[in-house]
Amino acid sequence: MSVPVLVTVDDGALGGLTAVVAALESAGLRVDRVLPEIATITGAAEPSAFAALRAVSGVDGVERAGPGFSIPHPGKGVQ
Amino acid sequence: MTNPEENTGAAAGDDGTTGRYLVLLEDGAIEAGTRALNQIAGVRTASTAEAAGAEFPGPDGLVFDRLGVAVIDADPDQLSALSDAVDAPGPIAALEAERRVFAISATAEEAAPAPQVDESVFTWGLQAVGANKSAATGAGVRIAVLDTGFDFEHPEFAGRAVTTASFITGETVADGHGHGTHCIGTAAGPRAPGGGAGYGVAHEAEIFAGKVLSNAGSGSDGGILAGIAWAVSNTCQVVSMSLGAAVRPGTPYSQTYERVASRALAQGTLIVAAAGNESRRQEGRINPVGHPANCPSVLAVGAIDVATALGWFSCGTVDLIGAVDVVAPGVDVYSSWPRPKNHNRISGTSMATPHVAGVAALISQATGARGWELWARLHQAARRLPLPSVDVGAGVVQAP
């Protein structure tokens with residue numbers, strides 16, 4: 001089952017970001033957002049694909065996204 | 001919200017008393033004192049020595065033999081008789097109203113009555129960071145608040161420069177929760193709202209309201225990173241993130257967020273984030289700074305109260321990962337709220353964070369600083385506190 005993934009890209013590879021995105025897709029990443037301002041790509045992938053994603057040229061780091069954030073109901077709890 | 005009073009489970013009278021009375025008996029006069037309570041005032045008492053496990057207050061009161069103290073219910077006539085007995089020679093030494101006490105205070109300061117701060121013109125938070133005395137207004141500075149959105153038609157924001165974006169699928173930027181509107185109010189709301197306290201630190205800053213938490217209050221890393229990218233591309237000097245996820249001690253910080261925050265700083269965007277509310281300091285429990293505030297390049301913000309004591313919920317530095325960098329007002333913070341309520345007073349490190357974002361905007365306007373230089377100036381100008389650095393970092397941020 002695929003999990004949400006955060007991929008950071010080397011500063012040096014930012015000029016060729018489109019090629020990096022294409023290579024990540026080939027390696028199993030379903031791309032959600034490409035964020036060139038922060039050299040980050042978010043998406044989802046099978047955990048078994050992480051090694052292949054890390055091996056893509058220009059990739060700096062691959063990390064499973066966290067379980068998410070939540071704040072309490074407005075009437076309840078410290079915010 | 002939960003506030004400290006609610007935490008005690010108290011339903012006290014305004015004067016903090018319980019309606020019961022403490023009677024101090026003279027040394028070695030427990031039996032005589034117990035008799036006197038009955039004879040003088042008709043108060044029947046049980047002794048803790050003989051009434052172990054008895055429901056309190058079973059009779060009119062209970063005598064704590066080893067302490068030489070009785071706790072009693074008394075009507076005005078009985079009180080009057082006991083007062084006379086205090087003045088006369090005999091076993092009854094003193095009489096006083098029983099006070100409501102708190103389970104255990106996190107600090108000595110919390111036990112003291114909160115100082116009365118005049119909020120008729122400015123909130124206590126604005127006064128604590130010196131915003132009300134600063135000539136800076138935040139004009140020309142862009143603050144992005146990534147939260148539950150914004151009630152951009154709130155009457156106290158009429159005429160303000162506001163840019164919005166929603167990163168929540170299927171939801172507009174309209175704030176269906178309230179949290180985002182409150183945080184934006186603190187960071188960049190009005191100083192003179194035309195009735196009630198001024199509550200905005202950088203009251204002329206340009207507002208970028210990014211919705212990364214849903215109306216139900218939840219969000220994901222993907223949406224938050226998209227919000228950060230949006231703020232960076234809009235050259236916002238400051239990103240305020242009153243959000244986080246609790247982590248266990250020793251959990252590594254996110255490499256992705258660390259790189260993102262570092263890159264944002266390099267491009268002149270400072271990210272400030274709430275340290276988290278998972279501590280229970282009244283029970284001696286201090287939990288670590290949450291994600292993503294635990295990243296070294298994200299400025300982590302803890303909360304103080306009006307007495308400059310730490311918020312009982314404020315997360316601390318518990319290991320080598322995740323330092324609290326600064327603190328700001330985060331208890332009983334008054335700010336804007338979606339119509340028709342218009343205002344609300346709530347607590348949390350979420351409320352401390354936009355105070356820091358607002359002060360950062362003021363400093364940026366006054367000095368031109370942004371990125372790492374802005375981070376340094378926030379630390380440099382912070383007012384040091386006589387509290388552990390693991391809890392308060394450099395202290396309370398201060399407006400220029």
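By convention in this document, chain letters (A, B, ...) are assigned in the order of the sequence lines, proteins followed by strands, and residues within each chain are numbered from 1.
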* Asked: Counting heavy-atom pairs under 4.5 Å to chain A, which of B/Asn344, B/Thr148, B/Val260 comes out on top?
  -> B/Val260
* Asked: Short question: side chain of B/Asp175, backbone of B/His177 - any donor-acceptor pair under 3.5 Å?
  -> yes
* Partners meeting ring-ring contact (aromatic ring centres under 6.0 Å, His included) with B/Trp230 (sequence neighbours left out) -> B/Phe167, B/Phe208
* Asked: Where does B/Ser242 contact chain A at under 4.5 Å (heavy atoms): side chain, backbone, both or neither?
  -> backbone
* Where does B/Ala266 contact chain A at under 4.5 Å (heavy atoms): side chain, backbone, both or neither? -> neither
* Check whether A/Pro4 gets within reach of chain B through its side chain, its backbone, both or neither, counting any heavy atom under 4.5 Å. => neither
* For each of A/Thr42, A/Leu35, A/Thr40, tally heavy-atom pairs with chain B at distances under 4.5 Å, and name the one with the top tally. => A/Leu35
* Under 4.5 Å, counting heavy-atom pairs only, tell me which of B/Ser233, B/Ala231, B/Ala229, B/Pro292 racks up the most with chain A. => B/Ala229
* Donor-acceptor pair between B/Asn287 and B/Ser279 side chains, under 3.5 angstrom -> no
* Asked: Can you name the residues that form a side-chain contact (heavy atoms from CB on, under 4.5 Å) with A/Pro36, not counting sequence neighbours?
  -> A/Leu17, A/Val34
* Region of B/Gln255 that comes under 4.5 Å of a non-hydrogen atom in chain A -> both
* Is there a donor-acceptor pair under 3.5 Å between the side chain of A/Arg33 and the backbone N or O of A/Ile41? -> no
* Segment of B/Thr256 engaging chain A (4.5 angstrom heavy-atom cut-off) -> both
* To do: Find the one option among B/Cys183, B/Ala246, B/Ala303, B/Ala226 whose heavy-atom pairs under 4.5 Å with chain A are most numerous.
  => B/Ala226
* To do: Return yes if some donor-acceptor pair links the side-chain N/O of B/Ser166 with the main-chain N/O of B/Ile168 below 3.5 Å, else return no.
  => yes
* B/Leu225, part contacting chain A, at a heavy-atom distance under 4.5 Å -> both
* When the ring centroid of B/Tyr334 is compared with that of B/His343, is the distance short of 6.0 Å? -> yes
